[in-house]
Amino acid sequence: MSRVLITGAGIVSALGNDIQTFWQQCLAGKTYVEAIPEGWQSLGVTQSKVYSPLPLPDYKAAGLKKFEITQHDPATLNALVATHQALQHANIPLTQQAERKHCFTINNHNPYRIGVFIGSGSGGLNSLYESLQGDLYRGVIKEIQDFPEGQKERLTARYDALFGEVKRKNTFSLPMFLPNSVAAGVATKYGVKGDVQINVYSCAAGAKAIIAATRAIQNGHLDIALAGGSEYTSDEIGSTFRSFDTLNTLTTYEGPLNSVNRPFDKGRQNFLYSEGGCAMLVLESETNARKRNVSPLAEIVGTAESFDSHHFMQLEPSGLEIKNMMIKLAESASISLSDVNYINAHGTATIANDELESRLLEELYPQRPYINSTKSLLGHTLGASGAIETLVCALSLQQGTMHPSLNLTAPIRPLNFVTQKTSAKLKYAANFSYGFGGHNAGLLLKATN
Amino acid sequence: MDKSEVIEKIKEALHDSMNLPDAELSSSTKLVEDLNADSVDFATLLMELEEVFNCKIPDSAGAEISDATIGQVADYIIKLKQA
């Protein structure tokens with residue numbers, strides 16, 4: 001079985017659009033929380049009043065062309081930006097192959113032995129919303145043309161305020177919102193012809209994509225995999241936010257903006273909605289990485305999955321399948337659960353998740369490994385979260401430093417939570433993700449330095 | 001806006017929508033014959049032109065300008081803006 005090394009990484013996030021900035025912000029315990037736009041409340045009062053916006057990168061400055069920006073959803077564009085960073089980080093040379101289409105080939109590698117695996121909960125949801133909002137807007141404006149003067153203008157102004165700038169219907173809206181476009185866009189950009197997958201597993205999507213990529217290299221099918229997660233659920237009228245809000249999953253904690261998101265704290269009041277983000281990793285077989293003489297960030301030594309078969313959105317209360325997954329994860333790397341030094345938990349800050357997860361962590365890891373929640377900084381980036389947190393595990397192992405878990409003033413259990421930037425010699429780090437539907441996923445990383 | 005200004009903006013829109021940074025474009029350049037524009041290029045160009053000229057271009061425009069030169073596209077835009 002081939003060993004799998006992480007040799008490059010890229011990121012688009014609310015805390016920075018390059019690895020260095022992102023990691024500095026994480027270690028400094030930064031977070032980006034704002035009050036929801038006023039217009040969202042006019043469509044129905046929400047329980048949660050805060051969110052974490054994702055300012056989109058300057059795509060042109062990141063090297064993308066105008067036609068690409070027109071033809072792709074932000075979830076795909078963010079994956080393209082993060083993948084390019086990751087390839088550069090891995091020092092993988094590229095050659096431009098078709099100037100007009102702005103595509104590349106990965107030098108000195110068989111394209112049939114390179115794959116793309118991207119997790120996303122909703123694919124090009126933003127493009128679907130834009131298309132739908134535009135159709136509705138144009139339909140409504142047409143309908144009110146016969147209304148009396150004054151009333152027509154008043155209604156038009158109202159709709160303009162609500163929907164923002166309504167552009168021409170994007171001819172490409174359909175391929176833009178198909179979830180597979182995220183992976184296909186990345187694969188086409190880099191001339192990849194091996195296994196190309198989109199992994200749609202809600203909040204476990206990013207982790208499941210990296211698991212699939214890892215296994216494809218382990219079993220010898222691929223030499224390189226571009227793997228990660230990308231999510232962008234933003235919409236003009238806050239529809240996704242409201243959908244989570246009506247499920248009573250979003251934070252209602254009252255306090256300063258930077259205090260509302262409190263994973264594993266007794267005072268937690270559910271999760272902070274994030275508009276998304278993206279992390280992409282370059283995974284390589286050890287043989288391939290050695291040939292290129294590159295230094296890895298970390299090694300992926302274990303993968304495990306399980307399925308609750310219980311409920312479309314609730315965790316199975318006993319946690320049996322999550323427990324099984326955690327045990328299988330250690331077994332997959334032929335290590336003991338007690339060898340794990342650091343756990344980047346799912347840690348959403350929902351009442352149910354943190355109660356169940358912390359109970360299992362207390363039961364299975366008596367050595368009390370360091371535990372933090374990257375969601376305490378970013379909020380819940382949904383399908384991107386597992387990939388972002390795997391990246392955080394790799395950086396923590398490489399640098400022997402862990403970021404603080406924010407707002408953990410009264411921990412729900414006496415575990416070894418990281419509440420301030422902490423340095424330690426780390427050997428094994430685990431990352432766990434659990435998604436709506438009952439999908440559970442775990443990745444185990446090992447330090448290579 | 002006179003025709004020469006419109007032509008310059010169309011050239012810019014073509015550079016952006018078809019990624020033609022080094023192409024030599026003139027008012028007599030034909031979109032299909034000289035630039036090999038396909039249906040995806042036309043759709044992208046129409047969205048770009050709408051943005052550049054701040055006007056609503058009907059969906060039928062794709063067929064109307066499919067065999068056109070840049071100069072003829074400029075005439076089409078000028079007519080549309082005057083309508």
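In what follows, every chain begins at residue 1, and chains take the letters A, B, ... in the order their sequences are listed.
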Problem set entry | Candidate list B:His15, B:Glu12, B:Glu51, test side-chain contact (heavy atoms from CB on, under 4.5 Å), partner A:Lys66, passing option | B:Glu51

Exercise. Do other residues, nucleotides or ligands put more than 12 heavy atoms under 6.0 Å from B:Glu5 CD?
Worked result: yes

Exercise. Considering only heavy atoms, which portion of B:Asn54 lies under 4.5 Å from any heavy atom of chain A: side chain, backbone, both, or neither?
Worked result: neither

Seminar exercise, completed: Rounded to the nearest 0.5 Å, the CG atom of B:Leu35 sits from the CZ atom of A:Arg100 at a distance of 7.5 Å

Exercise. Can you tell me if B:Glu48 and A:Thr70 form a side-chain donor-acceptor pair at under 3.5 Å?
Worked result: no

For this session: Evaluate whether atom CD of A:Gln96 has more than 12 neighbouring non-hydrogen atoms of other residues, nucleotides or ligands under 6.0 angstrom away.
Result: yes

For this session: Count the heavy atoms of every other residue, nucleotide or ligand shown that sit under 6.0 Å from NZ of A:Lys142, and state whether that count exceeds 12.
Result: no

For this session: Return the minimal non-hydrogen interatomic distance between B:Met47 and A:Thr171, and the atom names on each side.
Result: SD-N, 3.8 Å

Exercise. Would you say the side chain of A:Phe172 lies within less than 4.5 Å of the side chain of B:Thr44, judging by non-hydrogen atoms?
Worked result: yes

Exercise. For A:Gln151, does the CD atom sit with more than 12 other heavy atoms under 6.0 Å from it, leaving out its own atoms?
Worked result: yes

Exercise. Measuring heavy-atom distances to chain A, does B:Ile57 have an atom under 4.5 Å in its side chain, in its backbone, in both, or in neither?
Worked result: both

Exercise. More than 12 non-hydrogen atoms from neighbouring residues, nucleotides or ligands closer than 6.0 Å to NZ on B:Lys3, yes or no?
Worked result: yes

Exercise. Should the heavy atoms of other residues, nucleotides or ligands under 6.0 Å from CD of A:Gln145 be counted, would the total exceed 12?
Worked result: yes

